[in-house]
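Chain letters run A, B, ... following the sequence lines, proteins first, then strands; residues in each count from 1.
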2 protein chains.
Amino acid sequence: MNIDIRSAHLFSSLNDHQVEQVLESSHISTLKDGEALFETGDDANRFFLVIGGQIKLFRVSSNGDQKIIDIIQPGNTFAEALMFMEHPIYPVSAEALGPARIISFDSKRFLHILSGSIEVCFRIMGTMSQRLRGLIKEIDDLTLQSATTRMCAMLLRRMDEVGMSRFALPAAKGVLAARLSMKPETFSRILQNLSSKNILRLKGSEIEIIDESLLRSLAHVESIYGLEPEMPCRVRSSL
Amino acid sequence: MNIDIRSAHLFSSLNDHQVEQVLESSHISTLKDGEALFETGDDANRFFLVIGGQIKLFRVSSNGDQKIIDIIQPGNTFAEALMFMEHPIYPVSAEALGPARIISFDSKRFLHILSGSIEVCFRIMGTMSQRLRGLIKEIDDLTLQSATTRMCAMLLRRMDEVGMSRFALPAAKGVLAARLSMKPETFSRILQNLSSKNILRLKGSEIEIIDESLLRSLAHVESIYGLEPEMPCRVRSSL
DNA sequence: GAAGTCGTTTGACTTTAGTCAAGGAGGGCT
DNA sequence: AGCCCTCCTTGACTAAAGTCAAACGACTTC
């Protein structure tokens with residue numbers, strides 16, 4: 001078990017002694033597919049680092065629908081922003097998307113350890129700012145943009161990430177649909193539609209972008225305010 | 001001109017000397033109705049305190065539609081969360097909603113002044129956490145809830161704020177519509193509909209809630225995760 | 001290899017909110 | 001008062017996404 005938590009942005013400026021202290025209150029666990037980590041409304045006295053698999057953060061509506069707020073990738077922390085609240089409560093539910101491994105940390109303890117270090121504070125605030133940005137961006141996606149636009153933006157983002165015009169979808173279609181705030185049926189139809197217009201070719205969960213410029217114009221991606229990828233920070237954090 | 005900026009949460013733990021320093025880099029300005037303060041994408045080297053009137057934070061879609069992200073009330077700061085980013089850029093536009101007075105502060109300078117004070121850092125992080133919560137809440141309103149639900153929730157919130165079942169809408173209907181992510185027509189129709197069902201009586205911008213329990217059930221307000229009003233913090237901050 | 005399961009697709013239909021265009025209603029001004 | 005202007009309302013229509021139900025396909029499991 002040799003994980004250097006310092007590879008996570010949040011911990012990157014801790015010294016050896018601090019790392020040791022932090023690890024004392026930490027706890028590694030393995031989650032089965034679909035296993036819940038916490039639910040909306042639970043007391044939030046721990047935060048987490050994903051070391052394997054994916055964790056899905058979501059909210060549930062009264063009729064059981066899920067809206068996926070984010071999918072956390074290995075190397076990223078989440079729920080750490082809550083440690084500054086008086087009575088922290090998880091604003092989302094979290095569960096494993098496929099089998100996953102995580103380390104959890106005691107928020108209070110962590111706060112105490114870094115209480116001297118303004119640097120770590122600044123770091124956290126940086127990630128929080130980004131997160132705020134992301135959420136604001138998401139809100140206007142939801143209100144100002146159509147489902148097709150969101151789909152195109154997602155595909156382009158994925159393409160940029162992978163660096164190739166041919167790639168596999170990062171998760172099951174149903175999951176992506178919930179992430180993009182639409183029903184699986186709508187997701188499917190939009191893909192079908194893009195495919196019929198020869199903008200992309202799709203085979204199962206493999207996608208090949210054919211007409212990138214057209215896709216880009218359909219997404220008319222935030223020409224106004226700089227793209228997400230420009231962000232200086234490598235490891236994204238969440239919540 | 002005798003304003004104690006310490007009444008704003010962000011500044012509340014500064015000592016006299018610090019207040020003095022902060023004020024040195026500050027600048028008071030008066031805005032006319034509709035006057036722009038900054039736009040989405042501008043370099044964000046200042047943050048603001050509203051001392052009179054209201055400031056509207058919004059985003060504009062490619063076809064000119066506005067989505068109001070928040071309306072900042074006197075006594076509250078906004079855009080202060082950006083000061084921790086390397087290349088801060090306003091993620092929203094801001095303009096006065098009616099005539100307004102604001103004080104602007106140099107972010108860098110402020111950061112420098114408080115660099116010793118971890119307490120202020122914590123304070124800022126607290127407001128940021130709340131802001132994150134609010135945005136997440138808003139996202140699920142948008143995806144999981146209908147326009148009617150959002151309307152009802154807004155009315156109830158307003159009613160709780162005022163403490164009476166009879167009150168005036170906090171802003172022009174068109175503005176509220178944009179805040180709730182719907183068109184003025186839809187806003188009007190929903191109010192009409194609630195009125196025809198004898199849930200409320202409306203006369204101009206005066207509203208009287210008649211059937212609170214029914215309204216509450218229509219809004220089925222976040223029974224799961226504690227209401228906004230429970231938040232410990234009096235003065236809300238933004239961005 | 002048959003049966004079952006889960007995720008995806010497809011089609012027909014409904015619901016919700018947006019669009020467009022026309023009609024009020026109120027407030028300020030001359 | 002009369003006019004203008006802005007904001008709000010109303011009605012008829014459209015578009016977008018959700019719903020329901022059935023079929024499909026790939027992959028296990030027996």
- Note on the structure: Heavy-atom closest pair (A:Thr40 atom, A:Phe58 atom, distance to 0.1 Å) is OG1-O, 4.1 Å
- Message: Rounded to whole Å, how long is the line connecting atom CG of B:Leu176 with atom C1' of D:dC8?
- Response: 13 Å
- Message: In this structure, how many angstroms lie between the P atom of C:dG7 and the CD atom of A:Gln66, rounded?
- Response: 12 Å
- Taking NZ from B:Lys173 and C1' from C:dA25, how many angstroms apart are they, rounded to a whole number? 11 Å
Just list the side-chain donor-acceptor pairs under 3.5 Å for residues 174-182 of chain A, sequence neighbours left out, or say none.
unit_1, atom_1, unit_2, atom_2, d
A:Arg179, NE, A:Ile68, O, 3.4
A:Arg179, NE, A:Ile69, O, 3.4
A:Arg179, NH2, A:Ile69, O, 2.9
A:Arg179, NH2, A:Glu138, OE1, 2.8
A:Ser181, OG, A:Lys67, NZ, 2.8

- Rounded to whole Å, CG of B:Asp33 lies from P of C:dG27 at a distance of 17 Å
- Residues B:Lys56 and B:Asp70 bridged, charged N to O under 4.0 Å: no
- Task: Mind calculating the distance between CD (B:Gln192) and C1' (D:dT10) to the nearest angstrom?
- Result: 9 Å
- Task: Write down the atom of B:Ala8, the atom of B:Gly75, and the distance for their closest heavy-atom approach.
- Result: CB-O, 3.6 Å
- Rounded to the nearest Å, what distance is computed from the CG atom of residue A:Leu191 to the C1' atom of nucleotide C:dT10? 14 Å
- Going 5' to 3' through nucleotides 16-21 of chain D and flagging B where a protein heavy-atom sits under 4.0 Å of the base, S where only the sugar-phosphate is that close, and - otherwise, we get -SSBB-
- Axis bend over the full length of the helix from C:dG1-D:dC30 to C:dA22-D:dT9, computed from five pairs that close each end, to 10 degrees: 30°
- Which residues share a side chain to side chain contact (heavy atoms under 4.5 Å, CB included) with A:Glu206, sequence neighbours left out: A:Arg166, A:Ala168
- Of all heavy-atom pairs linking A:Asp33 and A:Gly98, the shortest is OD1-N, 2.8 Å
- Message: Tell me whether A:Asp65 is salt-bridged to A:Lys183, with the criterion being a basic N under 4.0 Å from an acidic carboxylate O.
- Response: yes
- What are the two closest non-hydrogen atoms of A:Met159 and A:Ile209, and how far apart are they? SD-CG1, 3.5 Å
- Task: Answer yes when B:Arg216 and B:Glu212 have at least one side-chain N-carboxylate O distance shorter than 4.0 Å, and no when they do not.
- Result: yes
- Task: Give, for atom CG of B:Leu155 and atom OG of B:Ser165, the distance between the pair rounded to the nearest 0.5 Å.
- Result: 12.0 Å
- Residues in contact with DNA chain C, drawn from residues 193-211 of chain B - heavy-atom cutoff 4.0 Å: none
- Listed by chain and number, what are the salt bridge (charged side-chain N to carboxylate O under 4.0 Å, His left out) partners of B:Asp42, not counting sequence neighbours? none
- Item | Value in whole Å for how far the P atom of D:dC8 lies from CZ of B:Phe187 | 9 Å
